[in-house]
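These values consider heavy atoms only, across backbone and side chains, with no hydrogens, waters or symmetry-generated copies. Proteins get letters first, then strands, A, B, ... in listed order; numbering begins at 1 in each.
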There are 2 protein chains.
Amino acid sequence: MSATPNPKQTPNLGDIARALGVSVATVSNALSGKGRVSASLVPRIREMAETMGYVPSQAARALRTGKSGVLGLVLPDIASPLFPQIAQAIERAASASGYGILIADSRGDVSLQTEAINRLIERGVDGLIIVPRRGTRIASMDIPFAVIDSPSTPGNTVSADHWQGGGLVGAHLAALGHRKILLIGNNPASNVQNDRIGGIRASLAGAASIEVLWIEQHEAQHGIGALLGLAEAFTRGTTAFAAVSDLHALRAMTELHRANIRVPEEATIIGFDDLFWASAITPAMTTVRMDMPRIADIAIASLIRTIDGKSGDDIGENARIPMSLIVRQTCGPAPSIISPSP
Amino acid sequence: MSATPNPKQTPNLGDIARALGVSVATVSNALSGKGRVSASLVPRIREMAETMGYVPSQAARALRTGKSGVLGLVLPDIASPLFPQIAQAIERAASASGYGILIADSRGDVSLQTEAINRLIERGVDGLIIVPRRGTRIASMDIPFAVIDSPSTPGNTVSADHWQGGGLVGAHLAALGHRKILLIGNNPASNVQNDRIGGIRASLAGAASIEVLWIEQHEAQHGIGALLGLAEAFTRGTTAFAAVSDLHALRAMTELHRANIRVPEEATIIGFDDLFWASAITPAMTTVRMDMPRIADIAIASLIRTIDGKSGDDIGENARIPMSLIVRQTCGPAPSIISPSP
DNA sequence: CTGAAAGCGCTTACAG
DNA sequence: CTGAAAGCGCTTACAG
């Protein structure tokens, strides 16, 4: 049907120019809307590009402009909870700004993290979003980057305000009358976990007695998958269990159930992150969640700003985004100490 | 320290060539190992590239060769269970083959899926891995692609053998002596879920009475988050609950716990997919999992083969990869009908 | 307003 | 074995 015999699979600016008898510069200008082009020509060029099925060559554009339009996302472990939420929010924010996202999984390994970063740089990304492996500190680099949820070079980190989130947990538990609370963390080397626990502690100061159980330490002693001793804590008077992640809150809940301790009637449980299944279980998990879309928007916006050279690598004094409490069913009032069970 | 005053930030082939007094063609050949270059020159060129911190320009290479070295991954919803596992496996397989992965989330929407595919194509990916939204059929495209876990153009699909996986469940349950089983699915429009359920049914034919509960239908009637009536099913004699996903198995388990029915002593539960938390709960979930690394390897290998023009868009007659049973603690022998509870 | 031309950095026949 | 040259498709000063 086409007039041109044996047309190339992918038309380029030259093909459009030829078809219209104008120059490629004019076509380029018309399509990008940058240079001045006569008002009458613009629609004709646009139409022709459309009908020919023109798709600009990213490679040529990138070579010419030095910008790939792609951002790299470095994650410690795509498959573990929470990171998918981050990845999704980042992908949305980036694509809303016209950027693509190239992913790299550092598999929780520090050296692989460096390698992943290099791989991404070699692929020509314009900037990097890094969610560092716990405890890692990202040194400065010669490419714009933003860090999520871990301290780094001052000025380019966005994170949830985990301390404030912890405060939400503490306040909720205090309001419910709990006086003896077990905090459940995984690893004390995690800044995020320490902030959450610190926030809970601070908001509960004096109002409740608090103990902390670190799962990794506990498992190092008792073996992977060992019971956490929650039933025992319960018999010693603990009425509330606050975990730094829904994952551990779930583990706590199933362990209590296993010991015939009812949630929330006898024991209260609260978690963090609102993981995918948190609302589907019975009882549904009360939790505190991060504002991922906002975190992603800030990280991406700041990154793009520094890519465009409009800012000094700054995220607005290390943004800390408030978390919010999602009240569901695992929290109840503290059972009276006087009458433990009817 | 450098001899050249004010060197560019990123050296290119020309810089290396100049530094060594050879041509760019020779440098290119030495670095790629393609053309013949004298044995003595190769190491010198390599070293110089190294010390100058040479990073090849993907953009230029892509423009010249017409290949970007990047594959697109289209997912229905990065944040929902299982997809992160897929994304991770795909990323690993791709990067092992020297490819990068650009992600696009179609947010469970069919039109966004098309849009996501186009966005990826415009970014110049060499091929596409598509995990279609349930029920979607991917039409042929002018770019190489492979489909995971959904029927499509015959010949380019890899998927887990969900039917066989269902068989594993049925056999396990039968061996344990269960005679009345409730199957729990979410949506009957899902091919994956239907295959799993079909496989369970087929392997149990005649050996047990089977009912199916579709959660979406149930919730349409009783409201989102409504109890599934599992306790009632239990009192009617159901001893085993087999869900098409650990997510629903978890929901079932918590619902039974809530009704004081003990797992696995009184009721058996089994799921699918070995989601992240499946091994952390108490009791740990017995489940059937897909061989993601293998599925990813096959999809990527086949895709690369068709990109390189070495095959006719074929994945080896629609590969179906066996699933495997992971026995943990939620399954127990069927309690004798004669003496329901001691 | 429009076009001719240069050039981004690379790879690949083609001469020598 | 080595090099000069063309060309991938685009954008951007610069003339006209």
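In this structure, Ala116(A) and Ala104(A) approach most closely via the heavy-atom pair CB-CB, 3.8 Å. The minimum heavy-atom distance between Leu75(B) and Ala87(B), with the atom names listed, is CD2-CB, 4.0 Å.
A donor-acceptor pair under 3.5 Å is formed between the side chain of Ser32(B) and the backbone N or O of Ser28(B). Looking at Thr65(B), its side chain does come within 3.5 Å of a backbone N or O of Lys67(B) through a donor-acceptor pair. In terms of modelled atom types and a separation under 3.5 Å, the side chain of Gln113(B) and the main chain of Arg133(B) share a donor-acceptor contact. Side chain of Asn156(B) to main chain of Val147(B): no donor-acceptor pair is present (N/O by atom type, distance under 3.5 Å, no hydrogens or angles).
With a 4.5 Å cut-off on side-chain heavy atoms, Leu71(A) and Leu102(A) do not count as touching.
Straight-line distance from the CG atom of Asp15(A) to the C1' atom of dG9(D): 10 Å, rounded to whole Å. As a whole-Å value, the separation of Arg18(A) CZ from dA4(C) C1' is 15 Å. The interatomic distance linking Leu13(A) (CG) with dA5(C) (P) rounds to 18 Å, in whole Å. Counting to the nearest Å, the C1' atom of dC10(D) and the CD1 atom of Ile45(A) are 15 Å from each other. In this structure, Arg36(A) places its CZ atom 15 Å from C1' of dA15(D), rounding to the nearest Å. Taking atom CG of Leu31(B) as the reference point, atom P of dG9(C) lies 16 Å away to the nearest angstrom. Rounded to an integer number of Å, the gap from CD1 of Ile16(B) to C1' of dG9(C) is 12 Å.
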- Task: Show your reasoning for whether side chain to side chain contact (heavy atoms under 4.5 Å, CB included) applies to Val27(B) and Tyr54(B).
- Result: CA-CA 11 Å; Val27(B) 176; Tyr54(B) 171 68; over 6 Å; no

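The stretch residues 49-65 of chain A comes close to DNA chain C through Leu63(A), Arg64(A), each having a heavy atom under 4.0 Å from the strand. Applying a 4.0 Å cut-off to non-hydrogen atoms, the residues of residues 22-30 of chain B that approach DNA chain D are Val22(B), Ser23(B), Ala25(B), Thr26(B), listed by residue number.
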- Query: When Watson-Crick pairs (N1 to N3 and N6-O4 or O6-N4) and G-U wobble pairs (N1-O2 and O6-N3) count only below 3.5 Å on both distances, what is the dot-bracket string of DNA chain D, with | for other-strand pairs?
  - Reply: |||.||||||||.|||

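Side-chain atoms of Asn12(A) lie closest to dC10(D) of the nucleotides dC10(C), dT2(D), dC10(D).
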Enumerate donor-acceptor pairs with a distance under 3.5 Å from any side-chain N or O in residues 118-132 of chain A to protein atoms, sequence neighbours excluded.
residue: Asn118(A); atom: ND2; partner: Thr114(A); partner atom: O; Å: 3.4
residue: Arg119(A); atom: NH2; partner: Glu91(B); partner atom: OE2; Å: 3.2
residue: Arg123(A); atom: NH1; partner: Gly69(B); partner atom: O; Å: 3.3
residue: Arg123(A); atom: NH2; partner: Gly98(B); partner atom: O; Å: 2.6
residue: Asp126(A); atom: OD1; partner: Ser68(A); partner atom: N; Å: 2.8
residue: Asp126(A); atom: OD1; partner: Ser68(A); partner atom: OG; Å: 3.1
residue: Asp126(A); atom: OD2; partner: Ser68(A); partner atom: N; Å: 3.1
residue: Asp126(A); atom: OD2; partner: Gly69(A); partner atom: N; Å: 2.7

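Under the side-chain contact (heavy atoms from CB on, under 4.5 Å) criterion, Ala19(A) pairs with Met48(A), Met52(A), sequence neighbours left out.
Applying the salt bridge (Lys or Arg N to Asp or Glu O under 4.0 Å) test to every pair with at least one member in residues 18-33 of chain B, sequence neighbours left out, gives these pairs: Asp15(B)-Arg18(B).
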